[in-house]
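The block underneath contains the structure these notes are about, expressed in structure tokens.
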Amino acid sequence: METAPRALTGDITFRDAGPADVDALVALIESAYRGDASRAGWTTEADILEGQRTDPRGVVEVIESPASRLLAVERDGALVACCQLEHRGEHAYFGMFAVSPAEQGAGLGKMIIAEAERVAREEWGAREMHMTVISVREDLIAWYERRGYRRTGKMTPFPYGDERFGIPQRADLEFELLVKELQAVNGADLTP
């Protein structure tokens, strides 16, 4: 029996993450992807990867990079999600996307990706959004396709042996590049 999606309630705010947010962001990202707690949401990678998804150093690098922004998403003042945006010239890279398992299924992810696309388009003049997704995550790729992303078939290898990215439980992991063209606002030309 399929249940109706939960309603998104509360005051949702977006802000740039700072050094004081690092521990909470690491905990959020880990909760969305690793361990038994992540199984409460649908974004879990617990069946394909063990170990960590990120660490404080990785989060600090994103926060401190002049080409990146790490958006912290709060509902009623509590951290519930985040995403990384990196300015790469004509395109922006979208990554480090995590929504608390308790907050999944109510439309928050759609709202976050729309805000990320708006920032990339309006603040950086990006023409495309790029991201990489583990290719065996068909359900997640399908979710992005419903948001207008297309599979490119361009693969990059998973960093086997580098436990900073997790401990693979399968030998066939690789990342696929997904791309979405960002539409100009009101027909405006995005030429920098």
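Of the possible polar contacts, none joining the Asp162 side chain to the Pro159 backbone as a donor-acceptor pair under 3.5 Å is found. Distance alone, capped at 3.5 Å, is enough to place a donor-acceptor pair between the Glu30 side chain and the Arg53 backbone. Remark: the backbone N or O of Leu71 is not paired with any side-chain donor or acceptor of Arg15 at under 3.5 angstrom. Under a 3.5 Å cut-off, the side chain of Glu181 and the backbone N or O of Arg127 do not form any donor-acceptor pair. One N or O on the side chain of Lys180 and one on the backbone of Arg147 form a donor-acceptor pair closer than 3.5 Å.
Ring to ring, Phe158 and Phe165 are not that close: their centroids are 6.0 angstrom or more apart.
For Tyr160 against Asp172, the heavy-atom pair with the smallest separation is OH-N, 3.4 Å. Between Glu176 and Thr152, the shortest heavy-atom distance links the atoms OE2-N, 3.4 Å. Nearest heavy atom pair, residue Ala92 against residue Ala126, reads N-CB, 3.9 Å. Smallest separation of non-hydrogen atoms from Gly109 and Val99: CA-CG2, 4.4 Å. Counting all heavy atoms, side chain and backbone alike, Ala116 lies closest to Phe94 at CB-CE1, 3.6 Å.
By the 30° and 60° cut-offs, the orientation of the rings of His130 relative to His91 is parallel.
For the atom pair CG of Leu28 and CD of Glu103, the computed distance is 10.0 Å after rounding to the nearest 0.5 Å. Of the inter-residue distances, the one linking Thr54 atom OG1 with Gln84 atom CD reads 9.5 Å to the nearest 0.5 angstrom. The CZ atom of Phe14 sits 11.5 Å away from atom SG of Cys82, with the distance rounded to the nearest 0.5 Å. Atom CG of residue Leu85 and atom CG of residue Asp16 lie 9.5 Å apart, to the nearest 0.5 angstrom. The CG atom of Leu177 sits 8.0 Å away from the CZ atom of Arg150 when rounded to the nearest 0.5 Å. Here Met129 contributes atom CE and Ile113 contributes atom CD1; the two are 6.5 Å apart, rounded to the nearest 0.5 Å.
In summary, Asp47 and Arg137 do not engage in a salt bridge, as defined by a charged side-chain N under 4.0 Å from a carboxylate O. The pair Arg69-Glu123 meets the salt-bridge criterion, with a side-chain N (NZ, NE, NH1 or NH2) lying under 4.0 Å from an Asp/Glu carboxylate O.
One hydrophobic cluster, built from ILVMFWY side chains closer than 4.5 Å, cannot hold both Ile134 and Met131; they sit in different ones. Linking ILVMFWY residues whenever their side-chain heavy atoms come closer than 4.5 Å, directly or via other members, leaves Val133 and Leu49 in distinct clusters. Hydrophobic clustering (ILVMFWY, side-chain heavy atoms < 4.5 Å, transitive): Val179 and Trp124 are in distinct clusters. Residues Ile48 and Ile141 do not share a hydrophobic cluster, defined by chaining ILVMFWY side chains whose heavy atoms lie under 4.5 Å apart. Leu178 and Leu173 end up in different hydrophobic clusters when Ile, Leu, Val, Met, Phe, Trp and Tyr side chains are linked at under 4.5 Å.
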Arg57 vs Glu61, salt bridge (charged side-chain N to carboxylate O under 4.0 Å, His left out): CA-CA, chis, key distance, verdict = CA-CA 6 Å; Arg57 186 181 83 203; Glu61 287 173 2; 3.6 Å; yes

request  = Determine, stepwise, if the pair Arg118 / Glu122 fulfils salt bridge (charged side-chain N to carboxylate O under 4.0 Å, His left out).
outcome  = CA-CA 6 Å; Arg118 184 200 66 77; Glu122 293 179 11; 3.0 Å; yes

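Annotation for Gln169: atom CD counts as buried by contact number, over 12 foreign heavy atoms lying within 6.0 Å.
Residues Arg164 and Gln52 have side chains in contact (heavy-atom distance under 4.5 Å, counting atoms from C-beta outward). Residues Glu174 and Thr156 are not in side-chain contact: their nearest non-hydrogen atoms beyond the backbone lie 4.5 Å or more apart. By the 4.5 Å heavy-atom criterion applied to side chains, Trp143 and Tyr149 are not counted as neighbours. When side chains are defined from C-beta on, Met96 does not count as touching Cys83, because their heavy atoms never get closer than 4.5 Å. Side chains of Arg170 and Val136 form a contact here, defined as non-hydrogen atoms less than 4.5 Å apart. Looking at Val119 and Glu115, their side chains come closer than 4.5 Å, going by heavy atoms from C-beta outward. In this structure the side chain of Val73 never reaches within 4.5 angstrom of the side chain of Leu79, judged on heavy atoms.
Tyr93 and Ser68 form no side-chain donor-acceptor contact under 3.5 Å, judged by distance and modelled atom types alone.
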